[in-house]
Amino acid sequence: MFKRTAVSSPNSLLISSQAARWSQQHILSLLSQLLILLITVFIATHMVVNLGERRLQEDWADQRYSELQTVASLASDKAAFLQFRTQTFAKAELLRQYLQNPSKTQQQKVTESWDSLTQNIPELLGLALFSPEGKLRFSTTDSFDNMQIPAALLGSGRNMGGSDIYTSPMSFTPIDGILEPYFYQLSWIENPDQSIKGYLVTYNSITKLLESIKPAFFNHNSPLLLLDTQGFLYAGANQPEPLTNMPDNLGSSLKQTYPDLWKDMAMNNFGQFYSTNATFVYLKVELTSQYETKREYFLLSYIRHDDIAARYLEWRMVILIAGVLIALLASALIVLRHLFVLERRAKHNSLQLSHGLFNSELSCLIINDNGRIGSANPKASKALGLSIETLIDRSFQRVLNLDDERVKQIKEALAHHQQWRGEISIQNTNSSTLQTHIRSEVCPHSKEQYWLVTFDDITILYDSQRQAYLYQLLSDSAVATALTDANGKLIKCNSKFDHLMSLNGETNIAITELLGNELNNQWQNICAQISLQGEWTAQIMPFTKSRYSQCLKTTLAGQLAYDGDIEYLICTFEETVPTVEVNNSSNVFGHRSAIVLRLNELENHFNNLSEQTKVESSLMVMEINPEGIFSHMGNMSQLEKRQKDIELQLLIELPLNYQISQWQLGKLVILLPDTDATSAYQYALNVMQCLTENNLCEGINMGIAGYVSPQTLEQYLANAEIALKRAKQSVDQNICQAFTRPAHTDHLN
């Protein structure tokens, strides 16, 4: 590298100080960065080396744990096999013959057989036979003569016997002057009546048991220690180079030599333990489980960190060399960066313009004084539907589809006011409408003029305004129309409705207030019909203090929400000639079969029917029996809800000329014009089936009466009540008919 004394620039240097020079500030900055770099590389290299060693420790621990699992599994299998072997020895033919005929000859044969077994099986230290009283009869070795069978295993109070094998805890015994860890297994020799003939005991060496497993499945460079749950060492003594705080003699306690490690082992069944100089892996293994207790022990292994560091030496050197190379390369990069910073001269105007233009959310174009597009950002490219490469150097008049007159207006506005605002329609695939703002700017150094064009896509807003205008034109028809919510609150109306109701722009009013109290009283039934059938139609007559003077044909259509409730109502009103006779009791005349009337309304409707229609009619009284409902419905409000549910089900399937009315709480009246006795009974059966399918048939009784001329509605209801009483008295049916024949017969069906 060589030091440059000047900076190349498109402009001539005015003074010599413009050349690149190393100032004291730059030198201090460079030295501080190099120092920080070296410290960082040193710390990073040290961390990588330590992490590598720790990773190697973890890998060793995982491998040793896997080996401990294998040893534990094989040791458990070996213990199970020893139990099977003990059971086999107990069932041997020679032993059976001796127990049947105990003689010196038979004992000699058994002893010779056992000696052969102990010589050929390394871990088998000896066998012994005990009497039913727990006394030693004979054994292959004298090392275990002092052993006593636990009292819990003798007599009838024992929990084990038959084919069970008892495994003792581990203990020590001297054999040939050497302390030997062992455990014994005891088998019960029983008569057919389950009485005890004796006890067979086999003595097994723990050390030889592990040595038969370890060479094939364990690393010889790592020690394997066996400890009981109290921390005493039973295998793994006489290590080549034991740690100072590890037990090295059989019977010594880890709890005393290394209490921190033992505390961790006592609280867990398996795990890893890291000390300053070694890594330990331990696993609790259950060699056998019995009724009295579990035989659990710990397998423990460890490795010194110095051994791992020796294995990691080659990788340590590689990492150190890599760290030195990285430090050299990074130092060179820092020096080059300082040289680059000293020599860099930016065109600040272009950078500021680019930063302000292309890092914004606006769609922007830069147009030179010739009307050509110089730059465009991605937002503008997306809005215009053309790539940036296609837009560059194109005429903005062609891109924006401007005619000459529009371009002339823009130029005049820029000349006088330095800006222009307006809307431009682009005939591309989306037919976009752009809200455009054009500013005239001057470059501060070159004095060149350019246009900065920013625009927003207002196509959706424009379409929404146009759509709203079309809807307004559509609603301003010759029919008075209003939009309300589910409660009848007026939301919107057209001019025809405003003129009809003389609102004068007032919308804070309910449709029920405009159409009278009669409509307000029927509002719940009307909403129920709209929910079921979609609309409700009626003729509404003027009333006292009404805002209209003509009969109105009214249609209420419902707009349902997702859950089925009414969200909006579209109401239309047309002046018409009334088709029914005007009376003072009501000003609302709709399709009566679509709503539930009060009894006085039903009476007015009945009185207006012709006599021929009455003769051919039937009347049905339906009772929601209190005895069948109150037992589990609880109160009157729940009975009202039950009756309301039944009314809605009846309205769904109610024929057009039938009329339903509320008589009292728990009773409904249905007038059936043009219906004979057979058709009326069939309709009652259909109603009962419908209520049964909707779980509403409980406590329902129906009485049906035919019309007897001449008769008032009150007499008609009395006859239907007679049939209702008969239906309630019946055991196997809840529908009854009365007065289906002429009155002079006075006969009931």
Side-chain angles (χ1 to χ4, degrees), residues 484-489 510-512 517-536 538 556 558-569 588 590-602 619-655 658-672 683-704 717 720-721 724-725 727-728 734-735:
T484 72
D485 59 9
N487 298 321
K489 187 69 175 180
I511 197 74
T512 53
N517 292 331
E518 186 64 28
L519 184 73
N520 188 28
N521 295 334
Q522 299 182 17
W523 187 254
Q524 296 298 328
N525 290 329
I526 292 172
C527 291
Q529 179 192 352
I530 294 174
S531 298
L532 296 172
Q533 301 179 357
E535 67 177 19
W536 175 83
L556 305 183
Q559 176 67 37
L560 302 182
Y562 180 77
D563 55 0
D565 296 334
I566 297 176
E567 187 174 10
Y568 298 106
L569 293 175
V588 179
H591 297 300
R592 294 184 178 273
S593 61
I595 59 176
V596 180
L597 300 178
R598 293 188 293 273
L599 190 62
N600 61 340
E601 296 173 343
L602 180 65
L619 188 70
M620 182 170 69
V621 175
M622 176 186 295
E623 182 181 43
I624 305 172
N625 193 359
E627 288 82 358
I629 298 298
F630 279 162
S631 61
H632 60 84
M633 294 298 287
N635 53 42
M636 300 298 289
S637 62
Q638 291 179 316
L639 179 61
E640 291 176 355
K641 181 180 183 302
R642 177 79 169 217
Q643 181 170 334
K644 192 67 176 179
D645 295 338
I646 293 174
E647 290 175 1
L648 292 177
Q649 291 298 326
L650 294 177
L651 287 174
I652 293 175
E653 303 293 339
L654 193 69
Y658 287 14
Q659 180 60 55
I660 183 173
S661 174
Q662 294 177 347
W663 187 359
Q664 51 190 264
L665 181 61
K667 283 188 179 181
L668 297 175
V669 179
I670 304 177
L671 179 63
L672 291 69
Y683 174 72
L685 291 177
N686 295 338
V687 168
M688 186 61 67
Q689 181 180 0
C690 176
L691 296 179
T692 301
E693 293 174 354
N694 292 275
N695 298 322
L696 297 172
C697 64
E698 183 180 359
I700 300 298
N701 294 287
M702 288 182 281
I704 305 173
L717 285 172
E721 270 208 303
L724 177 64
K725 292 178 181 178
K728 293 170 62 177
N734 47 16
I735 302 174

[X] [atom1] to [Y] [atom2] distance, which is reported to the nearest 0.5 Å:
X	Y	atom1	atom2	answer
Leu569	Ile530	CG	CD1	5.0 Å
Ile624	Leu691	CD1	CG	9.0 Å
Ile670	Leu602	CD1	CG	10.5 Å
Lys489	Ile511	NZ	CD1	11.5 Å
Asn701	Lys728	CG	NZ	6.5 Å
Ile735	Met622	CD1	CE	8.5 Å

Show the nearest heavy-atom pair for residues [X] and [Y], with the distance to one decimal.
X	Y	result
Leu519	Thr512	CD2-CA, 4.4 Å
Trp523	Ala486	NE1-O, 3.2 Å
Leu650	Leu668	CD1-CD1, 4.0 Å
Met688	Ile700	CE-CG2, 3.7 Å
Leu619	Ala720	O-CB, 4.0 Å
Met702	Met620	SD-SD, 3.6 Å

Can you confirm whether more than 12 heavy atoms, excluding those of Lys644, are under 6.0 Å from its NZ atom? yes
Please walk me through it: do Leu599 and Leu717 pass side-chain contact (heavy atoms from CB on, under 4.5 Å)? CA-CA 11 Å; Leu599 190 62; Leu717 285 172; 4.2 Å; yes
Any chance you could lay out the side-chain contact (heavy atoms from CB on, under 4.5 Å) test for Ile566 and Leu560, step after step, and finish with the verdict? CA-CA 4 Å; Ile566 297 176; Leu560 302 182; 3.8 Å; yes
Do the non-hydrogen side-chain atoms of Glu698 and Arg642 ever get within less than 4.5 Å of each other? yes
For the pair Glu623 (side chain) and Lys667 (backbone), establish whether a donor and an acceptor sit closer than 3.5 Å, ignoring hydrogens and angles. no
